[in-house]
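Heads up: the structure comes next, in structure tokens.
The analysis underlying the following values was restricted to heavy atoms, covering all of them including side chains, and did not include hydrogens, waters or symmetry mates.
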Amino acid sequence: MTLGLDDHGTVPVPRARAGAAYDGGPETIPAARHFATDFLRRLRTEHGVPVAPRAVDTVRLVVSELVTNVCKYAPGPCLIDLELVGDTVEITVWDRESVLPIARAAEPGRVGQHGLEIVLALCEGFDVRREPVGKRIKVRVSLNAPDSAV
């Protein structure tokens with residue numbers, strides 16, 4: 001972790017970042033969840049950043065859904081970047097498929113394909129962009145969400 005300055009350039013704020021690369025194989029999804037859990041644990045234990053228990057569950061679920069989509073719809077390598085931004089974790093996932101995801105209207109009877117709906121419901125922001133190769137999805141999850149909120 002390093003210290004940076006706030007948006008006004010005056011108050012030091014903690015900065016932490018970690019990245020991982022995966023091949024898109026069957027072990028990718030649980031490995032990405034573990035990576036996210038370990039990042040949050042290190043924020044809490046090594047850097048003293050408050051992380052609500054609900055935030056751990058939310059980050060794990062969001063990472064799992066995003067990486068599952070990569071494994072299903074963009075087989076091959078993917079990159080995950082986690083960064084502390086204020087009181088949120090910014091989650092960025094890159095894959096090599098240039099087709100942008102589209103959130104479908106909620107259909108309670110539909111089996112599967114609810115991952116993006118879940119991500120959009122849990123995150124503070126959602127941004128997807130085409131890259132020279134593939135696409136990059138970036139979302140933010142609050143670290144101090146109350147345990148009763150969903």
Side-chain angles (χ1 to χ4, degrees), residues 1-2 4 13-108 110-150:
M1 182 173 79
T2 61
V13 294
R15 303 251 183 216
R17 186 178 200 166
Y22 299 100
D23 64 6
E27 70 290 340
T28 296
I29 300 164
R33 279 193 304 262
H34 178 75
F35 170 70
T37 303
D38 188 56
F39 178 76
L40 296 173
R41 180 195 56 76
R42 286 184 289 120
L43 285 181
R44 192 175 24 218
T45 61
E46 296 175 14
H47 307 298
V49 174
V51 178
R54 170 75 65 175
V56 175
D57 293 339
T58 300
V59 168
R60 284 174 50 89
L61 179 56
V62 167
V63 165
S64 184
E65 291 297 334
L66 291 174
V67 173
T68 296
N69 285 347
V70 169
C71 292
K72 286 175 76 173
Y73 304 112
C78 69
L79 304 173
I80 300 173
D81 187 57
L82 302 174
E83 183 175 7
L84 176 65
V85 178
D87 63 351
T88 67
V89 168
E90 194 169 81
I91 302 164
T92 305
V93 176
W94 169 88
D95 66 61
R96 66 181 183 175
E97 176 59 56
S98 63
V99 175
L100 302 180
I102 298 172
R104 299 178 66 181
E107 289 181 40
R110 183 177 67 230
V111 177
Q113 297 185 337
H114 293 280
L116 194 52
E117 288 175 57
I118 293 168
V119 169
L120 292 171
L122 294 173
C123 294
E124 293 185 1
F126 178 86
D127 181 58
V128 60
R129 296 175 190 248
R130 282 192 178 96
E131 297 287 327
V133 175
K135 68 181 166 298
R136 188 173 303 270
I137 296 174
K138 186 182 293 189
V139 299
R140 283 190 181 191
V141 175
S142 175
L143 290 176
N144 55 18
D147 285 343
S148 61
V150 172

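To the nearest 0.5 Å, atoms CG (Asp95) and OH (Tyr22) are separated by 15.0 Å. Rounded to the nearest 0.5 angstrom, Glu90 CD and Asp81 CG are separated by 8.0 Å. In this structure, the separation between CD on Glu117 and CD on Glu65 is 10.0 Å, given to the nearest 0.5 Å. Ile80 contributes atom CD1, which lies 10.0 Å from atom OG1 of Thr92 (distance to the nearest 0.5 angstrom). Distance CZ/Phe39 to CD1/Ile91: 9.5 Å, rounded to 0.5 Å.
By the 4.5 Å heavy-atom criterion applied to side chains, Arg41 and Thr37 are not counted as neighbours. For the pair Val59/Leu40, a side-chain contact is recorded, criterion being any heavy-atom separation below 4.5 Å from C-beta on. By the 4.5 Å heavy-atom criterion applied to side chains, Leu82 and Arg17 are not counted as neighbours.
Open room surrounds CZ on Arg129; 12 or fewer heavy atoms of other groups in view lie less than 6.0 Å from it.
In this view, Thr88 and Val85, Glu124, Arg140 satisfy the side-chain contact (heavy atoms from CB on, under 4.5 Å) rule, not counting sequence neighbours. Residues passing the side-chain hydrogen bond (donor to acceptor under 3.5 Å, both in side chains) test with Lys138, sequence neighbours excluded: none. Under the side-chain contact (heavy atoms from CB on, under 4.5 Å) criterion, Val99 pairs with Glu97, not counting sequence neighbours. For Arg42, the side-chain hydrogen bond (donor to acceptor under 3.5 Å, both in side chains) partners two or more places apart in sequence, or in a different chain, are Asp38. Contacts of Arg33 classified as side-chain hydrogen bond (donor to acceptor under 3.5 Å, both in side chains), with partners at least two apart in sequence or in another chain: Ser64. With sequence neighbours excluded, the residues that form a side-chain contact (heavy atoms from CB on, under 4.5 Å) with Cys71 are Thr28, Ile29, Val67.
When all heavy atoms of Leu116 and Asn69 are compared, the closest pair comes out as N-ND2, 4.3 Å. Across every non-hydrogen atom of Ser142 and Ala55, the tightest pair is O-CB, 3.4 Å. Counting all heavy atoms, side chain and backbone alike, Pro101 lies closest to Ile137 at CG-CD1, 3.9 Å. Trp94 and Pro77 get closest at one heavy-atom pair: CZ3-O, 3.8 Å. Nearest heavy atom pair, residue Cys123 against residue Val62, reads SG-CG2, 3.8 Å.
Put simply, the side chain of Arg96 gets close to the backbone of Pro75: a donor and an acceptor are under 3.5 Å apart.
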Check step by step if side chain to side chain donor-acceptor pair (under 3.5 Å) holds for Arg130 and Ser98. CA-CA 6 Å; Arg130 282 192 178 96; Ser98 63; 4.7 Å; no
Step by step, work out the side-chain contact (heavy atoms from CB on, under 4.5 Å) result for Val93 and Arg136. CA-CA 6 Å; Val93 176; Arg136 188 173 303 270; over 6 Å; no
Can you check side-chain contact (heavy atoms from CB on, under 4.5 Å) on Leu84 and Leu143, steps first, answer last? CA-CA 9 Å; Leu84 176 65; Leu143 290 176; 3.5 Å; yes
